[in-house]
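Working notes, structure below.
Position 1 is the first residue of the sequence; numbering continues from there. Note that the coordinates shown come from a computational prediction; the quantities given were computed from them, not determined experimentally.
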Amino acid sequence: MTQRWNDLLFAHWPMRAAEIEALLPDRLEADIFQGSAWIGVVPFWMDKIKLRGLPPIPGANKFPELNLRTYVRDTRTGTPGVYFFSLDAGSLMAVIAARSLFHLPYYWAQMSIKPRGDREFSYYSRRLLTGKSVRFAARYRGLGPTHKLAQSKPGTIEYFLTERYCLFTRDALGRLLRADIHHQPWPLEEAEAEISQNDLAAHIGLHLPDTAPLLHYSRHLAVYIWPAELVQAKVLAAAAAVAAAR
């Protein structure tokens, strides 16, 4: 699957690892940087969506998206990745497809992203078809490219938060799945944001710290996602390949 992510705000808060790990599937643990686990809220809009071997899905080729994510490791292999607590999308067809094909916790939402100037946007999301109101509203802007963030380097917080090349999720039976991801390094900028409403973390029982989030902006990036596979099956296949090579 290919897609392009546009005008992203990365808003991140440090969290206690125990709080995050209480919500993770077995075999995943919180990945730690500077002594903390991290949780991110990421609003953006998506386009150029194509599923390999399939025609475009009507109503699912351009829409806003909003995700609540954290950063994890497979406890057996040490593989780092992203774990999504929720993903809201402005396309019902995209929600149905993503839940079916990738087993990701997508929700349909009323959403809008409106340009307010160069690299500046107002963003709104209200989840639909759920018993409890889950809303997000923000105004944010990128501050322009700088040499400091031209490319994230290993060991920096920017690299830790954005250079992730697989995602983990669970299927209907609770089994752990992994989908590999490919993209170029994120072209990050420093950012400013006014987040006036954010119910995402509270909806899953997490309380964000009363501190300003770490903010970054990115103009756009092409992303390639492979189908999700059972983690146990991937490990067995890898072991068989190593044994055959010997």
Side-chain angles (χ1 to χ4, degrees), residues 1-6 8 23-28 39-72 74 79-113 123 125-136 164-183 199-201 203-204 220-238:
M1 181 180 188
T2 62
Q3 49 193 236
R4 186 175 68 172
W5 296 359
N6 307 281
L8 290 89
L23 300 174
L24 296 178
D26 291 342
R27 191 165 166 164
L28 293 183
I39 192 166
V41 174
V42 185
F44 62 102
W45 63 277
M46 183 186 296
D47 69 349
K48 297 190 175 182
I49 300 162
K50 184 174 176 56
L51 289 164
R52 185 177 180 182
L54 295 176
I57 301 172
N61 58 355
K62 181 180 179 181
F63 53 87
E65 184 167 319
L66 171 68
N67 63 60
L68 178 69
R69 58 198 266 173
T70 193
Y71 306 99
V72 297
D74 184 323
T79 303
V82 178
Y83 184 79
F84 293 97
F85 291 119
S86 66
L87 305 99
D88 293 79
S91 164
L92 178 58
M93 292 304 297
V95 169
I96 294 170
R99 278 185 169 268
S100 300
L101 298 174
F102 291 94
H103 304 279
L104 288 166
Y106 265 87
Y107 298 89
W108 186 30
Q110 175 191 351
M111 310 180 82
S112 66
I113 179 169
Y123 196 103
S125 175
R126 179 176 67 88
R127 193 172 294 174
L128 302 171
L129 305 179
T130 57
K132 187 176 180 181
S133 175
V134 180
R135 299 173 187 258
F136 176 85
R164 300 273 164 167
Y165 295 96
C166 76
L167 64 85
F168 295 98
T169 188
R170 287 182 281 194
D171 66 10
L173 299 177
R175 298 175 299 181
L176 189 65
L177 304 174
R178 171 182 156 186
D180 292 328
I181 305 169
H182 174 73
H183 57 74
D199 299 331
L200 297 172
H203 186 68
I204 61 169
H220 55 74
L221 190 70
V223 179
Y224 305 85
I225 305 174
W226 275 259
E229 298 180 282
L230 287 170
V231 168
Q232 187 62 30
K234 290 180 73 71
V235 170
L236 292 174

Margin query: Determine whether N6 and F44 satisfy the following criterion, side chain to side chain contact (heavy atoms under 4.5 Å, CB included), listing intermediate values before the conclusion.
Written below: CA-CA 6 Å; N6 307 281; F44 62 102; 6.0 Å; no
Rounded to the nearest 0.5 Å, the CD atom of Q110 sits from the CZ atom of R135 at a distance of 8.0 Å
Heavy-atom nearest pair, P227 first then F102, reads CA-CE2, 4.0 Å
Looking only at heavy atoms, the pair that brings V41 and L68 closest together is CG2-CD1, 3.8 Å
Output for pair (R175 CZ, L177 CG), nearest 0.5 Å, gives 7.0 Å
| said: Using 30° and 60° as the class boundaries, would you call the ring planes of W226 and H182 parallel, tilted or perpendicular? | reply: perpendicular
- prompt: Would a 4.5 Å heavy-atom cut-off, applied to side chains only, mark M111 and W45 as touching?
  reply: no
d(L92 CG, L128 CG) to nearest 0.5 Å is 9.0 Å
Distance col, row C166:SG vs I225:CD1, nearest 0.5 angstrom, shows 11.5 Å
task: May I have the step-by-step check of side chain to side chain contact (heavy atoms under 4.5 Å, CB included) for T2 and K48, ending in yes or no?
output: CA-CA 7 Å; T2 62; K48 297 190 175 182; over 6 Å; no
Here the pair of heavy atoms bringing V82 nearest to V72 is C-CG2, 4.3 Å
Go through the steps for H203 and F85 under the test side chain to side chain contact (heavy atoms under 4.5 Å, CB included), then give the verdict. CA-CA 10 Å; H203 186 68; F85 291 119; over 6 Å; no
Here the gap from F168 atom CZ to L24 atom CG, rounded to the nearest 0.5 Å, amounts to 11.0 Å
Take L104 and L167 through the test side chain to side chain contact (heavy atoms under 4.5 Å, CB included) and record every step on the way to the result. CA-CA 10 Å; L104 288 166; L167 64 85; 3.9 Å; yes
Quiz item: Around atom OH of Y224, are there more than 12 heavy atoms of other residues, nucleotides or ligands at under 6.0 Å?
Solution: no
In short, D26 meets L176 closest at the heavy-atom pair O-CD2, 4.1 Å
Rounded to the nearest 0.5 Å, the CZ atom of R178 sits from the OG1 atom of T169 at a distance of 14.0 Å
Looking only at heavy atoms, the pair that brings Y165 and H183 closest together is CE2-O, 3.5 Å
Minimal heavy-atom distance between W108 and G90, with the atoms involved, is NE1-O, 4.0 Å
Please walk me through it: do Y83 and R164 pass side chain to side chain donor-acceptor pair (under 3.5 Å)? CA-CA 10 Å; Y83 184 79; R164 300 273 164 167; over 6 Å; no
Of D199, L66, D88, the one forming a side-chain contact (heavy atoms from CB on, under 4.5 Å) with R127 is D88
